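Each remark here refers to the structure printed beneath this line.
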There are 2 protein chains.
Amino acid sequence: MRKQRHKIYGNCPVEAAMDIISGKWKVVLLFHIMDGTKRFNELGRLLPGLTQRMLTNQLRELEADGVIARTVYLEVPPKVEYSMTPFGMTLEPLLKALWVWSETHVKPRLTAEE
Amino acid sequence: MRKQRHKIYGNCPVEAAMDIISGKWKVVLLFHIMDGTKRFNELGRLLPGLTQRMLTNQLRELEADGVIARTVYLEVPPKVEYSMTPFGMTLEPLLKALWVWSETHVKPRLTAEE
DNA sequence: CGGAATCCCGGTCGATACTG
DNA sequence: CAGTATCGACCGGGATTCCG
């Protein structure tokens with residue numbers, strides 16, 4: 001059983017949804033993986049500041065939620081690829097809405113402050 | 001200066017956006033407040049399990065981010081109302097996308113599991 | 001290369017009690 | 001009614017080390 005970051009599911013599916021995408025790095029990871037299948041260290045390089053531990057952690061949770069798929073290639077050197085599942089792809093409109101809102105309403109504020 | 005739940009802003013406005021709406025109770029609170037102006041204890045009653053401390057905390061952060069407005073009525077008994085700001089209203093499409101995705105893709109999973 | 005295991009610190013949050 | 005104050009447990013997550 002995976003740990004609940006928020007409260008008990010059941011009454012409100014929105015909370016379950018937030019539980020899936022809220023996580024320190026998940027949304028950004030999803031944007032990158034949605035853009036195309038990525039390898040472990042490839043993601044690590046894309047997210048400077050993200051430790052291996054957290055990268056593993058976040059990927060595992062996304063995998064447990066059925067959002068991404070983990071493919072292991074038994075070869076030397078080892079190779080693991082992460083890709084979106086069909087379920088994960090359904091997140092696209094939501095992530096896009098998030099992106100649009102960020103660009104139109106949040107970005108102007110950030111640049112205006114400095 | 002308000003604490004950063006995620007990492008440093010700047011490179012990716014999406015992170016800033018997530019920083020605004022990700023919070024244990026924020027999205028649910030926003031749904032309720034967007035539905036109509038609410039009083040403090042009114043929100044408390046709508047969210048069983050949410051302590052006064054956290055309610056205050058989350059409301060203050062939303063206020064600091066300019067998402068909601070806090071109106072104090074100087075009377076006895078005291079009365080404080082929370083409502084959406086114009087900026088907060090721009091969140092509507094995003095919250096709606098979140099709701100739609102939850103209903104169509106998350107809810108079926110929850111009910112199927114039990 | 002892609003992790004797992006361990007240690008450990010600091011923030012988060014619940015519980016409880018008090019106030020204008 | 002709408003908060004604030006204080007205390008303490010818990011755990012998220014960074015650093016480091018080791019493994020197949």
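The structure displayed is predicted, hence computed values, not measured ones. Residue numbers start from 1 in every chain, and the chains themselves are labelled A, B, ... in the order their sequence lines are given, proteins ahead of strands.
- Rounded to whole Å, atom P of C:dG2 lies 5 Å from atom CG of A:Asn41.
- Where A:Pro78 and A:Met54 meet DNA chain D, the nucleotide closest to each residue was compared, and A:Met54 sits on the side nearer the 5' end.
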Under 3.5 Å, which donor-acceptor pairs link side chains of residues 85-92 of chain B to any protein atom two or more places apart or in another chain?
residue, atom, partner, partner atom, Å
B:Thr85, OG1, B:Gly66, O, 2.5
B:Thr85, OG1, B:Val67, O, 3.0
B:Thr85, OG1, B:Phe87, N, 3.4
B:Thr85, OG1, B:Gly88, N, 2.9
B:Thr90, OG1, A:Trp101, NE1, 3.0
B:Thr90, OG1, B:Phe87, O, 2.5

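- Atom CD in A:Glu81 sits roughly 9 Å away from atom P in C:dG2 (whole-Å rounding).
- In this structure, A:Tyr73 atom OH and C:dG3 atom C1' are separated by 18 Å, rounded to whole Å.
- Remark: P of C:dC13 and CG of B:Leu59 are 14 Å apart, rounded to the nearest angstrom.
- In this structure, B:Glu42 places its CD atom 13 Å from P of D:dG3, rounding to the nearest Å.
- The shortest heavy-atom contact between A:Lys107 and B:Pro13 is CB-CB, 4.1 Å.
- What separates NZ of A:Lys79 from C1' of D:dG20 is a distance of 19 Å, to the nearest Å.
- Side-chain contact between A:Val14 and B:Val106 is absent, with no heavy atoms from C-beta onward closer than 4.5 Å.
- For A:Thr51 and D:dG13, the shortest distance from a side-chain N or O to OP1 or OP2 is not below 4.0 Å.
- Around atom NZ of A:Lys96, no more than 12 heavy atoms belonging to other residues, nucleotides or ligands sit under 6.0 Å away.
- For A:Arg53 and B:Gln52, each mapped to the nucleotide of DNA chain C holding its nearest heavy atom, the one lying further toward the 5' end belongs to A:Arg53.
- When the C1' atom of D:dG3 is taken as reference, atom CD of B:Gln58 falls 16 Å away, rounded to whole Å.
- The cluster map of Ile, Leu, Val, Met, Phe, Trp and Tyr, joined by side-chain heavy atoms under 4.5 Å apart, puts A:Val76 and A:Tyr73 in different clusters.
- In this structure, the CZ atom of A:Arg60 is 18 Å from the C1' atom of D:dG12, given to the nearest Å.
- Residue B:Arg39 has no polar side-chain atom (N or O) positioned under 4.0 Å from OP1 or OP2 of D:dC1.
- In this structure, B:Tyr82 reaches the sugar-phosphate backbone alone: every heavy-atom distance under 4.0 Å involves primed, P, OP1 or OP2 atoms, never a base.
- For the pair A:Lys24 and D:dG14, the criterion of a side-chain N or O lying under 4.0 Å from OP1 or OP2 is met.
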